[in-house]
Every structure is written in C-alpha cells, then in structure tokens.
Amino acid sequence: MLFIDRVLEYLAMMSSWSYSRFNPRTVYFSMRGLRNEHLSCCVNTLLQTLSATWELSDLLDKWESSGVQADVPLQLKRVLSAMRGTVPHHAPHLAFLHSLDRNCIRLCVQHDADEVFLSILNLIQKQMDDRALALQIQNLYRISVEEHLQCLECNSDQTQTSFMLSLPLHLKDDHDSLESCMASFFEHQELGGRDCCYCNKCETKTPSKKGVKLLSLPRILRVNLKRFRNYAGTIRKLEGRVTFPETFDLSEVLKEAFSSDFTQNDCRYALYAVVVHSGYVMSGHYTAYVRLNQQWYYADDSCVNQVSWEEVKTSYGGRYRQTAYMLMYRRCSEAERPQQAEFSG
C-alpha cells in the first residue's frame, strides 16, 4: 500500500509540475480531497487551509533544499504542489504524514489543530536551510505586539515587545462575536492578590495593570477560538455560538488596540478558511471551509463540495452543531476583497 501511494505521489507531482509554475491567484483549480489515513482528519484540514494560502506555496516554490534534515518543509512543499495538480484522484499526502510522525506528531492519535499548526511552523523554522525564506514564512503570520505593565502604586510603566503567530481568543459559554472577543483580548487587566507583579521601582510585588497594543499585523491573520477549557483537571468544549464576518476592517473593530508606533495603512481582512471541529473533546472530527476562486468549498477528508457563505455560517456553532475553531483571514486591498453577492448562495 505504501508503494502504491509513493507511485501516485510521483505521478501527481509530474502532472502538476508545469501547472505549479503558475500563480494560484490567477490559475483557477478545484480543491482535491485527502484520504483519512490513520486518524489524519486534523492534518488533512490544515493542509486544505495551507493549500489555499498561496503566499506560503509561493515561498516554498522558491526554495531548493540542500540538506537532508529538511524533512517536514520538503514534504510540505511536495504535497502542496500535488494539491495544485489537475489529476482527479485524491492528492497523495502519506509521505507528509510520515514526516510529521517522525517529528513527534504521531499517526493514529487525535491532535489539536492549533497545536499541530504551530508545530508545523516551528519545524519549518528549524529544518529549512534557507533562513531568510523560513523567516518570510513565519512573517506571513507574525503579529507584533507591545506589552505594557503599569504599577498601580507608583505608576511606573514597563514595556516589552514580542510576537504571536495567532490571536488566541477566549469565549463566553453562550453567545459571542469575533469582534467582542478581540476587544476583550486587548482590554486592560488589573492584576492583584497572588497575581501581583514585581515592580522594579517599588522593589516588591504590587497591584498592576496589564495591556497589549498592536505594533504590526501580518498578511495572514490566524485566529484561534479557544473552545477547550480546563475545569478542575477536566477538559470541556465550549459549544457557544460565535459569529464572525466574511470581511472586516481591524482599525474600526479595535480602535484603541493600536500602538502609537503602528504604521500600516490597510487593516482590511477577508476570510478565506475556517477550521471546524465537530463532536467532543476525546472523539472529535476536523473539517474545513475554504474559499478559492471566489467560491466557498467544504472539505471533509476525501469529500469536497461547493457551498455557499450561508452554509459556512453554520459553523458559528451552538449545542450539537459543528463549531469554528480556527479562522484564517487575508489582508487585502479593495480589488482583492470578495464580493458579498457571490457568497449569498
């Protein structure tokens, strides 16, 4: 069986070689399904979102590996190229699954999509021999922030810069919206009691106020809706409804969240992928909604169907319904923004 998969992968690579030279922004192609191999629905779903991220494919296409340690990025480059091919059968991805397995993302184990996504990005950084290209890949998702910690006793302010590869947003139990979740993330928090922080000026732990400001936004804004919460040692899934827009302007949604050093002009984003989790914590299933060529598709392992924006909105969630877990937004110019009428279904 492994031999057959290798042969299919080789044929798909050959058939898509000239095809992959074209920019996926201008060449229209349909999504290809991915067979569920050894509980691979999580990785299958992430591959569908990565395949729709043409910026990543462009960077990987520029890279020619010169070493033997670039296991995961090399197999990722190959499988994304194969997924852009026109051969009608399922895209071969078994070699990529085995590369993850060799790097501790095991087959036959249920995984968390956010953790696997971050692991793939980290493995790219560690294993790619072209450091400049590896950094460009990370920068696709890099959110630079300025963290402030103000002592409430002496009013001194400590500031440091850091970065995130996603916005981790906490949810309410019942109903929420993406905009309100973002606003909550950037609200100032007062820390007291055992959460007091050390103040260099007071030379002791004091009550303080903590806040985060945006320094720069990435081309790809990845949002993680944190639906899994630890309650006294037991992990529970939050199934509350969370609405999210197809397009939005972050400068309007988060007017108070920008640092004075923020210099970007365009903060408009368009949704192009939704990672969906169905089921329970220990027995769930991942699928994805992906927008390609101005059309939404639903990918459930080997099955891919064309859908409407109205169907994408069913992933807002609610009890016993599929729930959006990860949202992928692309910063776009006016010309790149999706036309709402095309998604009305």
Side-chain angles (χ1 to χ4, degrees), residues 34 36 38-50 97 100-101 103-123 141 143 145 162-187 189 195 210 212 220-245 271-290 298-301 312-329:
L34 297 165
N36 193 319
H38 312 292
L39 300 180
S40 67
C41 67
C42 176
V43 177
N44 291 358
T45 296
L46 293 178
L47 281 174
Q48 295 290 8
T49 68
L50 293 173
L97 294 176
L100 294 180
D101 187 67
N103 287 274
C104 300
I105 304 175
R106 301 299 186 191
L107 296 171
C108 302
V109 175
Q110 290 204 29
H111 293 285
D112 178 88
D114 180 59
E115 293 178 358
V116 173
F117 190 95
L118 289 174
S119 295
I120 292 172
L121 287 185
N122 288 334
L123 288 166
Y141 305 94
I143 306 166
V145 296
S162 61
F163 72 91
M164 305 177 291
L165 297 176
S166 73
L167 274 181
L169 302 183
H170 292 277
L171 312 180
K172 298 175 183 177
D173 285 328
D174 47 5
H175 177 77
D176 222 330
S177 69
L178 180 65
E179 295 89 340
S180 64
C181 290
M182 285 184 172
S184 296
F185 181 84
F186 288 98
E187 283 180 351
Q189 296 179 320
D195 294 324
K210 181 180 180 181
V212 179
I220 306 299
L221 179 63
R222 191 173 71 89
V223 178
N224 178 218
L225 302 177
K226 298 183 72 64
R227 289 190 173 275
F228 302 104
R229 187 171 298 174
N230 191 322
Y231 288 91
T234 301
I235 305 297
R236 184 167 72 88
K237 180 181 175 182
L238 302 180
E239 298 187 74
R241 180 177 168 86
V242 181
T243 60
F244 49 85
L271 184 70
Y272 75 94
V274 181
V275 172
V276 176
H277 183 272
S278 304
Y280 303 98
V281 175
M282 300 305 295
S283 58
H285 180 60
Y286 284 104
T287 56
Y289 289 101
V290 177
Y298 180 60
D300 184 353
D301 289 330
V312 178
K313 291 194 291 186
T314 63
S315 65
Y316 285 169
R319 187 165 295 278
Y320 308 121
R321 303 192 69 176
Q322 59 176 0
T323 50
Y325 182 55
M326 188 187 301
L327 307 174
M328 309 289 279
Y329 283 90

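Atom set for the values below is all heavy atoms of this structure, side chains included, hydrogens, waters and symmetry mates excluded. As the structure is a computational prediction, the values presented were derived from the model and not from experiment.
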Q. Is the shortest heavy-atom distance from the side chain of Ile220 to the side chain of Tyr272 under 4.5 Å?
A. yes

(Q) I'd like to know whether Val274 forms a side chain to side chain contact (heavy atoms under 4.5 Å, CB included) with Phe244, so could you lay out the CA-CA distance, the side-chain angles of the two residues, the decisive distance to 0.1 Å, and finally the verdict. (A) CA-CA 10 Å; Val274 181; Phe244 49 85; 4.2 Å; yes

**Q.** Minimal non-hydrogen separation, Ser166 against Asp114, with atom names
**A.** OG-OD1, 4.3 Å

Q) Listed by chain and number, what are the ring pair (Phe, Tyr, Trp, His ring centres under 6.0 Å) partners of Tyr141, not counting sequence neighbours? A) Phe117

Q: Can you measure from CG (Leu34) to CG (Leu46) and round to the nearest 0.5 angstrom?
A: 11.0 Å

Q) Looking only at heavy atoms, which two atoms of Ser119 and Ile105 are closest? And how far apart? A) CB-CD1, 3.6 Å

Q. Just how far is it from atom CG of Asp112 to atom SG of Cys42, taken to the nearest 0.5 Å?
A. 7.0 Å

Q) So, does Arg106 use its side chain to make a donor-acceptor pair with the main chain of Asp101 at under 3.5 Å? A) yes

Q. Taking the side chain from Tyr325 and the backbone from Ala113, do they hold a donor-acceptor pair closer than 3.5 Å?
A. no

Q: Evaluate side chain to side chain donor-acceptor pair (under 3.5 Å) for Gln322 paired with Thr314, printing each intermediate quantity in order.
A: CA-CA 7 Å; Gln322 59 176 0; Thr314 63; 2.9 Å; yes

Q: Nearest 0.5 Å please: distance from the OH atom of Tyr280 over to the CD atom of Glu239.
A: 7.0 Å

Q. Where the side chain of Ser177 meets the backbone of Ser180, is there a donor-acceptor pair that is under 3.5 Å apart?
A. yes

Q. Is a side-chain donor or acceptor of Lys237 paired with a backbone partner of His277 at a separation under 3.5 angstrom?
A. yes

**Q.** Test item: Val275 and Arg222 side chains (from C-beta on) under 4.5 Å apart, heavy atoms
**A.** no

Q. When rounded to the nearest 0.5 angstrom, what distance separates CG in Leu50 from CD1 in Ile120?
A. 6.0 Å

Q: Please report the C-alpha distance between Leu107 and Ser40 in whole Å, then the side-chain angles of each, then the deciding distance to 0.1 Å, and finally whether the side chain to side chain contact (heavy atoms under 4.5 Å, CB included) criterion is met.
A: CA-CA 7 Å; Leu107 296 171; Ser40 67; 5.5 Å; no

Q) Does Arg227 reach the main-chain N or O of Leu238 with its side chain, forming a donor-acceptor pair under 3.5 Å? A) yes

Q) Which heavy atom in Gly317 sits nearest to a heavy atom in Thr323, and how many Å separate them? A) CA-CG2, 3.7 Å

Q: Start with the C-alpha distance between Leu178 and Tyr329, add both sets of side-chain angles, then the distance that settles side chain to side chain contact (heavy atoms under 4.5 Å, CB included), and finish with yes or no.
A: CA-CA 12 Å; Leu178 180 65; Tyr329 283 90; 3.5 Å; yes

Q. Which value, rounded to the nearest 0.5 Å, describes the distance between Leu327 atom CG and Asn224 atom CG?
A. 9.0 Å

(Q) Around atom NZ of Lys313, are there more than 12 heavy atoms from other residues, nucleotides or ligands closer than 6.0 Å? (A) yes

(Q) Rounded to the nearest 0.5 Å, what separates atom CG in Asp301 from atom OG1 in Thr287? (A) 9.0 Å

Q: Decide yes or no for His111 and Val43: does some side-chain heavy atom of the first lie under 4.5 Å from some side-chain heavy atom of the second?
A: no

Q.
Minimum heavy-atom separation for Phe186 and Val212, please, with both atom names.
A. CD2-O, 3.3 Å

Q | Minimum heavy-atom distance between Ser315 and Val276, given as atom pair plus value | A | CB-CG2, 3.9 Å

